[in-house]
Amino acid sequence: MSRVLIVGAGLTGSLCACLLRRELPKKVNIVVWDKSRGAGGRMSTSRSPNDPSCTVDLGAQYISATPYYARIHSSFYEELLAQDILKHFVAPVEGMMSKEEGIVNYVTPNGVSSIVKHYLKESAGAEVLYDRHVTHIHRKDAGWEVCRKGGAPERFDIVVLTMPVPQILQLQGDVGSLMGENQRRMLEAVSYSSRYALGLFYKADTRIDVPWAAKYVSNNPCIRFIAIDDKKRNLASRNCGPSVVVHTSVPFGIQHLEEEKDAVQPIIVEELEKVFPELPQPDSIKCQKWRYSQVTRSVADCPGQMTLHSQPLLVCGGDGFTHSNFDGCIESALKVFEVLKSSL
């Protein structure tokens, strides 16, 4: 049995683990490491520190399926809809621009991280471990020795890297020397937008009376998007307070990227009061910095994956190799899986 390490418990990594388990159950021992404390990556759902039933999506907000991807990825959409992980997004949104005719939008009643958790659950038997920050990868005999912060190195037969491309380039050990010059140039050309997100949590008796569930803001240098998150997900409950998510503009995110979150949070709150003065005072606030928010320039020609070494296999995937949305991550996971299948 080959021991396969998937680095990153976001959408691409979790779906790779699921595909391996479903398609090659007797050939692989699957291990998933993520440097965070939980699954999701940028499909992140956060809980109120005072009420775990009050949640907010801090990363991806909803899923938009174009007619093309709705067709070629129909099995993925049908599975998630059948299990009530996805629902049609019917709540009112102010200022949403539709880029293409026939787009269908979906929300996740249990938070956007529920998609990732579903795929991890479907990879039953996979060893999923958090607080595992990979620092070095060394070629050892017929496999790889992977080092992490604060832990002993471990050996794997195959390694799959699904973290943002700049984090792949930061890895120490043999990764740099295994890359061809052309591969390095292609990876270095990948770029991401940056932004901050605030999650605002409220007590159970709080009312936020606005006619919309989400709103795009165009006339503020800081605030770009606001959603009454429970209303967006059609979750309103008397027993649980509402939650609000706020995304900043990309220029604001870039301007304040190297500052501490504690210093940036009051600036965002002050700007939020200008665009949403009727918003009540929250019970608690969580601030999230997305250094790698969305891919603005992916690897040329969007190949879905890049194989850095074939024997033993070291392969990269993620939205940096396609495009930053649900379907881009599915496409990458499928391409990575093709490489894995041919190697096993």
Do side-chain atoms of [X] reach the backbone of [Y] as a donor and acceptor pair under 3.5 angstrom?
| X | Y | value |
| --- | --- | --- |
| Tyr119 | Gly13 | no |
| Ser324 | Val295 | yes |
| Thr296 | Ser191 | yes |
| Ser44 | Leu58 | no |
| Arg224 | Val217 | yes |
| Gln305 | Thr307 | yes |
| Arg3 | Ile30 | no |
| Lys261 | Gln288 | no |
| Gln265 | Ala263 | no |
| Asp319 | Gly328 | no |

Hey, is [X] close enough to [Y] for a salt bridge, meaning N to O under 4.0 Å?
| X | Y | value |
| --- | --- | --- |
| Asp230 | Arg233 | no |
| Lys341 | Glu23 | no |
| Glu258 | Arg291 | yes |
| Lys289 | Glu259 | no |
| Arg71 | Glu78 | no |
| Arg185 | Glu188 | no |
| Lys149 | Asp131 | no |

Query raised in the report: Between the side chains of Thr322 and Ser332, does any donor sit under 3.5 Å from an acceptor?
Result: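 On atom types as modelled, these side chains do not qualify, holding no pair under 3.5 Å.
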**Report entry** Side-chain H-bond candidate by donor/acceptor type, Thr12 with Thr162, under 3.5 Å
**Finding:**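 The answer is no; no qualifying pair exists.
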Is [Y] reachable from [X] through a run of hydrophobic residues whose side-chain heavy atoms are each under 4.5 Å from the next?
| X | Y | value |
| --- | --- | --- |
| Val7 | Leu11 | no |
| Val165 | Ile137 | yes |
| Phe89 | Trp212 | no |
| Leu334 | Ile158 | yes |
| Val160 | Ile330 | yes |

Query raised in the report: Given the rule in the side-chain hydrogen bond (donor to acceptor under 3.5 Å, both in side chains) test, do Glu79 and His118 qualify, once you have shown the distances and angles that lead to the verdict?
Result: CA-CA 10 Å; Glu79 177 182 336; His118 168 73; 2.6 Å; yes
Atom pair [atom1] ([X]) and [atom2] ([Y]), whose distance is rounded to the nearest 0.5 Å:
| X | Y | atom1 | atom2 | value |
| --- | --- | --- | --- | --- |
| Leu257 | Arg195 | CG | CZ | 12.5 Å |
| Lys27 | Ser343 | NZ | OG | 10.0 Å |
| His247 | Tyr196 | NE2 | OH | 13.5 Å |
| Ser2 | Phe156 | OG | CZ | 12.5 Å |
| Asp205 | Asn239 | CG | CG | 12.0 Å |
| Thr135 | Gln170 | OG1 | CD | 11.5 Å |

Query raised in the report: Is the distance between the ring centroids of Tyr69 and His323 less than 6.0 Å?
Result: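 Ring centroids of Tyr69 and His323 are less than 6.0 Å from each other.
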**Report entry** Distance flag, aromatic centroids of Phe252 and His256, threshold under 6.0 Å
**Finding:**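 Centroid distance His256-Phe252: below 6.0 Å, so yes.
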Do you know which two heavy atoms are closest between [X] and [Y], and how far apart they sit?
| X | Y | result |
| --- | --- | --- |
| Val190 | Gly320 | CG2-O, 4.1 Å |
| Ser36 | Tyr130 | O-CB, 3.2 Å |
| Leu178 | Gln183 | O-OE1, 4.3 Å |
| Cys316 | Leu308 | SG-CD1, 3.6 Å |
| Met186 | Val299 | CE-CG1, 3.6 Å |
| Pro109 | Ile85 | CD-O, 3.3 Å |

For [X], I'd like to know if atom [atom1] has over 12 heavy atoms of other residues, nucleotides or ligands within 6.0 Å.
| X | atom1 | value |
| --- | --- | --- |
| Gln83 | CD | yes |
| Glu278 | CD | yes |
| Glu100 | CD | yes |

Report task. Apply side-chain contact (heavy atoms from CB on, under 4.5 Å) to the pair Lys215 and Val93, showing each step before the final yes or no. Result -> CA-CA 5 Å; Lys215 177 179 184 175; Val93 180; over 6 Å; no
Query raised in the report: Do the ring planes of Trp144 and His309 sit parallel (below 30°), tilted (30 to 60°) or perpendicular (above 60°)?
Result: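 If you compare the ring of Trp144 with that of His309, the planes turn out perpendicular.
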Query - Test salt bridge (Lys or Arg N to Asp or Glu O under 4.0 Å) applied to Asp57 and Lys232, Lys286, Arg42, the passing residue - result: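 Result: among Lys232, Lys286, Arg42, Lys232 is the only option passing the salt bridge (Lys or Arg N to Asp or Glu O under 4.0 Å) with Asp57.
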Query raised in the report: Taking side chain as C-beta onward, heavy atoms only, is Gln61 less than 4.5 Å from Val245?
Result: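 Contact flag for Gln61/Val245 side chains = yes.
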Query raised in the report: Is there a side-chain contact between Leu24 and Phe337, using heavy atoms and a 4.5 Å cut-off?
Result: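 Of all side-chain heavy-atom pairs linking Phe337 with Leu24, at least one is under 4.5 Å.
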Requested in this report: Kindly determine whether Glu154 and Val146 satisfy side-chain contact (heavy atoms from CB on, under 4.5 Å), including the steps that lead there.
Outcome: CA-CA 5 Å; Glu154 291 194 37; Val146 182; 5.6 Å; no
Query - Partner of Val244 under side chain to side chain contact (heavy atoms under 4.5 Å, CB included), chosen from Asp229, Leu198, Leu279, Leu272 - result: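 Of all the options given, the one that passes is Leu279.
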Query - Among Val104, Asp327, Ile103, the one residue meeting side chain to side chain contact (heavy atoms under 4.5 Å, CB included) with Ser64 - result: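 Output: one option passes, namely Ile103.
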Report task. Tell me whether the guanidinium CZ or amine NZ of Arg148 lies under 6.0 angstrom from the six-membered ring centre of Trp33 and within 45° of its axis. Result ->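 Verdict for Trp33: a cation-pi partner in Arg148.
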Requested in this report: Quick one: do Leu15 and Val116 satisfy side-chain contact (heavy atoms from CB on, under 4.5 Å)? Show the steps, please.
Outcome: CA-CA 8 Å; Leu15 184 50; Val116 173; over 6 Å; no
Query raised in the report: Taking only residues two or more places apart in sequence, or in another chain, which ones meet Asp51 in a side-chain contact (heavy atoms from CB on, under 4.5 Å)?
Result: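 Partners of Asp51 under the side-chain contact (heavy atoms from CB on, under 4.5 Å) test: Ser48, Ser53, Cys54, Cys240.
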Requested in this report: Kindly indicate, with the supporting measurements, whether the criterion side-chain contact (heavy atoms from CB on, under 4.5 Å) is fulfilled by Met1 and Val28.
Outcome: CA-CA 5 Å; Met1 257 199 173; Val28 288; over 6 Å; no
Query raised in the report: Per the ring-ring contact (aromatic ring centres under 6.0 Å, His included) rule, which among Tyr77, Tyr62, Tyr106 passes with Phe326?
Result: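 Only one of Tyr77, Tyr62, Tyr106 forms a ring-ring contact (aromatic ring centres under 6.0 Å, His included) with Phe326, namely Tyr77.
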